[in-house]
Amino acid sequence: MVTILAIESSCDETSASVCRDGVIMSNLIATQEVHAAYGGVVPELASRAHMQNIVPVVDVALKKAGVSMIELDAVAFTQSPGLIGSLLVGGQYAKSLALSLDIPLIAIHHMQAHVLANLIDERRPSFPFLCLTVSGGHTQIVRCDSPNEMTVIGQTIDDAAGEAFDKTAKLLQLPYPGGPLIDKYAKEGDPNRFVFPEPQIPGLDFSFSGLKTSILYFLQNAGKSNKFKAELTATPEEQKRFREENMADICASVQKRIVGILMNKLIKASEQTGIKEICVAGGVSANSGLRNTIQLIGAESGWNTYVPAFQYCTDNAGMIAIAGYYKYLDADFSTLSASSAARSEW
Ligand code: KG4
Ligand code: ZN
């Protein structure tokens, strides 16, 4: 029997999870409310909140799992990528625990863990599978040949898909994080009312910055054009009225374009690799437009599709625990000198 405690603290969620033999027994997530007032995550405030949250979150995760510290076989933690101050809090806690309990330490790459969240559910993909990982900081297509063998075959060259949602929401003057709100408005809107451009990027890479600029001009011109105009064609009052009266249709049209960009590359990746086991991961996989479209296209293309349960889509320690479990089986342990890193390739 292998029991692992996992810690995730890469951004603004303090999370702890206990997993036994690859089964998640608890997954506690403390969301930091402090950032909403600033329109985005404030790194220094995030590190401080992690310091306050980490001990109680771990305590509750252990209690919920009915596991005591002495039963732990290893501690896994998110090593990278993320906000460095936030990563350091989780990393330091995990190291101290591993040292005091004299058990192995397992360093996990946050993006690999997002992919492996697809192995939590009993219905899971067979290898090799493709995973579209879409979060606030990343957009990648990953080929996964085994739990510990993954290759990034496509990624964004600028903004991430979640950023495209959040920045659009900001332009629409919606509160942060705006992705879920765009999704909500989109449900009542007409996705074909406005047309935003699709970027022409070669291969399996993505780009979202052109879309963001086009939405900016579109709103500045109150829907009359999405090209730059030296002289604005709408007053600030007209812009506000246009935004408010057309919120649902704008959100639905933007969401349709973002989802379209993602799906076109995923279809291409499946055709190029011949792989039809298709997963989605990351916070944006909560998007209802993406979920519906992947089902539809999956049925047309003969794919088996997988999306983790919602609590394992956004940042969570359950995915760190499952990644830790597979590394444990390979005895892929880390030393206490493992350093956290804001960025890292794999
Ligand atoms: O994976 P995640 O929780 O954190 C990162 O590692 O970034 O992803 C957060 C991102 C945010 O950009 C948020 O707006 C987006 O996921 N998001 C959504 C939805 N729920 C979360 N975007 C669109 N529709 C949603 N329903
Ligand atoms: Zn994430």
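Whatever order the structure lists ligands and atoms in, that order sets their numbers, starting from 1. Quantities reported herein were computed from a predicted structural model and do not represent experimental measurements.
- Within 6.0 Å of CZ on Phe127 lie more than 12 heavy atoms contributed by other residues, nucleotides or ligands.
- At distances below 3.5 Å, at least one donor-acceptor pair connects side-chain atoms of His109 with backbone N or O atoms of Ser344.
- Within ligand 1, the atoms closer than 4.0 Å to a non-hydrogen atom of Gly162 are 12 (O), numbered from 1 in the order shown.
- Backbone and side-chain nitrogen or oxygen atoms of Asn287 are examined, and one is located within less than 3.5 angstrom of a nitrogen or oxygen of ligand 1.
- Within the 6.0 Å centre-distance limit, the rings of Phe218 and Phe242 are counted as a close aromatic pair.
- Atoms of ligand 1 found under 4.0 Å from any heavy atom of Val284 (numbered from 1 in listed order, with element): 15 (C), 16 (O).
- Not one N or O on the side chain of Ser214 forms a donor-acceptor pair closer than 3.5 Å with the backbone of Gly210.
- The shell of residues lying under 4.0 angstrom from ligand 1, judged by heavy atoms, includes Pro180.
- In summary, Arg20 and Glu71 engage in a salt bridge, as defined by a charged side-chain N under 4.0 Å from a carboxylate O.
- Atoms of ligand 1 found under 4.0 Å from any heavy atom of Thr314, numbered from 1 in the order shown, are 3 (O).
- At a heavy-atom distance under 4.0 Å, no atom of Glu13 approaches ligand 1.
- From the protein, the heavy atom lying nearest to atom 22 (N) of ligand 1 is Gly179 CA, 3.5 Å.
- Side-chain contact between Ser15 and Ile7 is absent, with no heavy-atom pair separated by less than 4.5 Å.
- Remark: ligand 1 and Asp315 share an N or O pair separated by less than 3.5 Å (distance only, no angle test).
- Considering backbone and side-chain atoms together, Phe165 places no N or O closer than 3.5 Å to any N or O of ligand 1.
- The closest approach of Asp315 to the Zn ion (ligand 2), by N/O/S atoms, is made by OD1.
- The Zn ion (ligand 2) has an N, O or S atom of His110 closer than 2.8 Å.
- Side chain to side chain, Asn316 and Gln311 fail the donor-acceptor criterion of an N or O pair below 3.5 Å.
- Contact annotation: for Asp166 versus ligand 1, heavy atoms closer than 4.0 Å belong to the side chain alone.
- Of the possible donor and acceptor atoms, one in the side chain of Asp249 sits under 3.5 Å from a partner among the backbone N and O of Asp190.
- Taking a cut-off of under 4.0 Å to the non-hydrogen atoms of Ala286, the atoms of ligand 1 that pass are 20 (N), 26 (N).
- Contact annotation: for His138 versus ligand 1, there are no heavy atoms closer than 4.0 Å.
- With a 4.5 Å cut-off on side-chain heavy atoms, Ile267 and Trp303 count as touching.
- Here Asp183 has side-chain heavy atoms under 4.0 Å from ligand 1, and that is the only part of it that gets that close.
- Residue Pro177 places no N or O, backbone or side chain, under 3.5 Å from any N or O of ligand 1.
- Ring centers of Phe333 and Tyr328: under 6.0 Å apart, within the cut-off.
- Residues Ser253 and Gln255 bring no donor and acceptor atom of their side chains to less than 3.5 Å of each other.
- Under a 4.0 Å heavy-atom criterion, Gln255 is not in contact with ligand 1.
- Here the straight-line distance linking atom OG1 of Thr133 with atom CD of Gln112 works out to 10.0 Å at 0.5 Å rounding.
- For ligand 1, the atoms lying closer than 4.0 Å to a non-hydrogen atom of Gly137 are 7 (O).
- Shown in contact with His110 at under 4.0 Å from a heavy atom are these atoms of ligand 1, numbered in order with element: 6 (O).
- Counting atoms of ligand 1 from 1 in the listed order, those under 4.0 Å from a heavy atom of Ser135 are 1 (O), 5 (C), 6 (O), 7 (O), 8 (O).
- For the residues Gly283, Ala186, Ser10, the heavy atom positioned nearest atom 20 (N) of ligand 1 is part of Gly283.
- Close approach to Gly136 involves these atoms of ligand 1, each under 4.0 Å from a residue heavy atom: 5 (C), 7 (O), 8 (O), 9 (C), 10 (C), 12 (O).
- At a 4.0 Å cut-off, not a single heavy atom of Ile182 sits close enough to ligand 1 to count as contact.
- Of the possible polar contacts, one joining the Glu277 side chain to the Ser126 backbone as a donor-acceptor pair under 3.5 Å is found.
- Under the 4.0 Å criterion applied to side-chain N and carboxylate O atoms, Arg48 and Glu44 are assigned as salt-bridge partners.
- Because the distance cut-off is set at 2.8 Å, His114 qualifies as a neighbour of the Zn ion (ligand 2) through one of its N, O or S atoms.
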